[in-house]
Structure formats: structure tokens, C-alpha cells
Amino acid sequence: MNRSLNRDKADDGEIVLPPFDPAKAMRGVFAHRQGEQPEDEKRAALFWESRGFAVEQLEPTRDLRSRKPDLRLTRNGAPFAYCEVKTVWRHTTRITILHDEQPVEERIEVSKATLEERLTTDLVTAIRQLRYANPDHTLLNFVVLVNRDAEATPGHLAAVLNRIPPVEGKGLMARRAAWTAEEIARFRREVDLCLWANSAEDGELLIEGCYLFNPSLRSFAEEITGMRGDKVISLEPAA
């Protein structure tokens with residue numbers, strides 16, 4: 001989806017996109033963020049199918065305006081969970097500039113956000129999508145992070161999940177930090193299981209990290225990941 005672009009940049013390096021105005025669609029600057037990899041969503045679907053789930057892709061046409069998570073999982077004929085898949089990488093944005101009586105200009109801008117900022121954005125977006133489809137948390141909520149960033153590790157995810165709430169303050173940075181901490185706390189309250197995976201050459205997902213927020217799912221987490229003991233990291237849901 002193309003949207004008119006505010007040339008100002010957000011503090012974290014992400015491009016700020018105001019609502020699309022059809023009246024201005026004849027010329028101007030438009031941006032489309034290059035988001036998740038479709039291949040990673042397919043790999044996640046195959047992962048769940050290999051564990052005995054029936055998988056429904058909620059947006060098979062990849063509607064960029066959709067607020068739904070990627071997958072709905074069914075087990076033994078009963079709805080079981082929603083799953084959102086995120087690709088961990090340095091996001092890019094395709095910029096299209098439409099001029100009067102001149103050729104269209106296109107370029108790619110790479111996000112300047114830090115790794116932890118990008119992970120935070122992925123987690124915040126994931127919980128919002130899951131809340132949209134599952135507002136009462138009647139089904140389980142899963143998140144699968146597929147890593148395509150050579151610098152990223154499960155430890156970076158742990159640092160984001162364990163962020164210490166900031167000291168209260170009235171400045172912009174303090175309010176932003178408080179908002180971020182609350183969004184991560186919401187993630188920990190409402191996501192049951194978060195998997196960190198790398199993609200193997202054969203298309204399989206290699207699970208390297210398992211973060212569990214729902215203690216009743218420990219046996220389930222060990223079963224689907226093949227991990228045992230302290231390899232499945234239990235984190236208390238935020239209060």
C-alpha cells in the first residue's frame with residue numbers, strides 16, 4: 001500500500017507515515033516498508049504442520065493493510081492458537097517519488113534503528129495483531145521470530161523482554177521509554193510462547209530459543225521444540 005510520506009524521521013530511524021490522502025495521489029512521495037518474508041511464514045506453517053497442526057493462513061493474498069496475525073492453528077479438530085511470524089532483519093523502505101512531467105524516481109532506504117529497537121517494534125506489532133484477532137485471549141498466542149540478521153541472537157531478544165521499567169520522568173524520551181516498557185509488558189502478559197528460529201538451507205526452521213510465558217505449556221514447548229530443562233526459558237508474565 002502506498003502512502004504519502006512525511007519527510008521527518010521518527011527518533012528510532014523509522015519513517016513516519018501519515019494517513020493516505022487520495023486527493024494527493026497524483027504526485028508526491030510514497031513509501032512502502034519491506035516487511036516480513038513470505039518464505040518465513042511458509043516455513044513457520046510447515047513447522048506447525050510437522051507437529052500435527054492444521055494451519056490456516058489468515059491473509060493468503062498478503063494484504064499490506066491487514067491487522068490480522070499470519071496463522072491460525074488447529075489441533076485434533078479444535079481451534080488452538082494464533083501465530084504471528086516476524087522476520088528479524090534490517091527493514092528497508094521502498095521510496096517512490098512521482099514528479100510532474102518527469103520520470104518516476106525510486107530508491108531504497110535502510111532503517112537506522114538499532115537491533116533492539118527493531119526487535120521491540122516487531123514484538124509490539126505482533127501483540128497488536130494477535131490482540132486484534134484474539135481480543136479475549138480465548139485461544140493461545142504464539143510468536144515465531146525468524147532470524148535473518150547475522151548480528152542478532154536470542155540474547156538480544158531476552159534483553160528486550162527483560163527491559164527494566166524506566167524511572168518516571170516528564171520529558172519526551174522518558175514518556176517514550178515508559179510507553180515501550182508497557183508494550184513489552186503487554187507482550188509478556190498476552191503471548192504464551194515465543195520461538196526464535198533460524199532458517200536452514202532445506203527450508204526447515206531451526207529453533208534456537210524458546211521463551212515461555214504460560215507455565216502450563218512447558219511440556220508442550222518441550223515437545224514441539226525438542227528442548228529440555230533450562231533450554232526452555234520461562235519468564236513470568238508481567239503483572
Side-chain angles (χ1 to χ4, degrees), residues 1 3 10 12 14 16-20 33 35-36 38 40-42 44-45 47-49 51-88 91 117-146 157 160-163 165 175-197 210-221 224 233-239:
M1 176 180 178
R3 299 183 179 181
D12 61 359
E14 295 294 329
V16 180
L17 299 177
F20 177 69
R33 181 178 176 182
E36 293 10 280
D40 292 338
E41 295 175 11
K42 293 177 182 177
F47 170 83
W48 291 116
E49 288 174 350
R51 270 68 178 174
F53 289 89
V55 179
E56 177 187 359
Q57 188 174 355
L58 297 181
E59 288 294 348
T61 59
R62 296 192 57 76
D63 183 352
L64 297 174
R65 297 165 295 181
S66 175
R67 298 168 61 188
K68 298 178 181 178
D70 296 308
L71 310 172
R72 180 163 50 213
L73 311 179
T74 299
R75 199 181 206 193
N76 299 325
F80 189 83
Y82 286 95
C83 177
E84 173 59 19
V85 183
K86 295 294 183 189
T87 301
V88 178
H91 295 282
E117 287 171 338
R118 288 184 278 120
L119 279 173
T120 298
T121 298
D122 286 337
L123 300 188
V124 171
T125 304
I127 189 54
R128 288 181 177 179
Q129 291 171 272
L130 290 165
R131 283 170 59 87
Y132 179 79
N134 193 22
D136 298 322
H137 204 171
T138 52
L139 300 184
L140 297 172
N141 286 327
F142 298 158
V143 173
V144 176
L145 301 174
V146 183
L157 174 61
V160 172
L161 291 171
N162 289 294
R163 178 178 283 126
R175 294 198 302 271
R176 185 186 183 92
W179 174 87
T180 300
E182 176 53 35
E183 290 294 315
I184 295 302
R186 177 178 293 173
F187 184 95
R188 290 181 56 158
R189 286 194 300 269
E190 300 188 30
V191 170
D192 299 283
L193 179 71
C194 181
L195 301 178
W196 179 280
C210 178
Y211 297 87
L212 184 64
F213 305 96
N214 183 339
S216 68
L217 294 179
R218 171 162 285 277
S219 295
F220 169 80
I224 65 166
I233 301 174
S234 293
L235 297 176
E236 292 294 330

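Contact record, L130 with V191: CD1-CG2, 4.1 Å, taken as the closest heavy-atom pair. A221 approaches L212 most closely through the heavy-atom pair CB-CD1, 4.5 Å. The minimum heavy-atom distance between G52 and R75, with the atom names listed, is O-CG, 4.5 Å. Of all non-hydrogen atoms in V160 and T120, the two that sit nearest each other are CG1-OG1, 3.5 Å.
Separating the CG atom in L193 from the CG atom in L140 is a distance of 9.0 Å, to the nearest 0.5 Å. Interatomic distance, CG of L195 versus SG of C83, reported as 7.5 Å (0.5 Å rounding). For the atom pair CD of Q129 and CG of D70, the computed distance is 6.5 Å after rounding to the nearest 0.5 Å. Rounding to the nearest 0.5 Å places CG of D192 at 3.5 Å from NE2 of H137. With rounding to the nearest 0.5 angstrom, the CG atom of L145 is 6.5 Å from the CG atom of D122.
Contacts of S216 classified as side chain to side chain contact (heavy atoms under 4.5 Å, CB included), with partners at least two apart in sequence or in another chain: N214. Scanning for side-chain hydrogen bond (donor to acceptor under 3.5 Å, both in side chains) contacts around E56 gives R72, with sequence neighbours left out. Not counting sequence neighbours, Y82 has no partner by the ring-ring contact (aromatic ring centres under 6.0 Å, His included) test. With sequence neighbours left out, Y211 forms a ring-ring contact (aromatic ring centres under 6.0 Å, His included) with no residue at all. Residues meeting the side chain to side chain contact (heavy atoms under 4.5 Å, CB included) test with T74, sequence neighbours left out: A54. Under the rule for a side chain to side chain contact (heavy atoms under 4.5 Å, CB included), the partners of N162 that lie at least two apart in sequence or sit in another chain are A158, R188, L235. For T180, there are no side-chain hydrogen bond (donor to acceptor under 3.5 Å, both in side chains) partners two or more places apart in sequence or in a different chain. Listed by chain and number, the residues in a side chain to side chain contact (heavy atoms under 4.5 Å, CB included) with R51 are F47, F53, I224 (sequence neighbours excluded).
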Working for side-chain contact (heavy atoms from CB on, under 4.5 Å), residues L157 and C194
CA-CA 10 Å; L157 174 61; C194 181; 4.1 Å; yes

Test salt bridge (Lys or Arg N to Asp or Glu O under 4.0 Å) applied to E49 and K42, step by step
CA-CA 10 Å; E49 288 174 350; K42 293 177 182 177; over 6 Å; no

Where do L73 and L139 land on the side-chain contact (heavy atoms from CB on, under 4.5 Å) test, with the steps shown first?
CA-CA 9 Å; L73 311 179; L139 300 184; over 6 Å; no

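Judged as a salt bridge (charged side-chain N to carboxylate O under 4.0 Å, His left out), the pairs with a partner in residues 123-133 (not counting sequence neighbours) are, in order, R128-E183, R131-E190.
Between F142 and L71, every side-chain heavy-atom pair lies at or beyond the 4.5 Å cut-off.
Here the options are E84, K86, Q57, the test is side-chain contact (heavy atoms from CB on, under 4.5 Å), and the partner is E41; only Q57 passes.
Ring pair F220/F80 is tilted by interplanar angle, where 30° to 60° counts as tilted.
Formation of a donor-acceptor pair under 3.5 Å by the T121 side chain with backbone atoms of E117 is found in this model.
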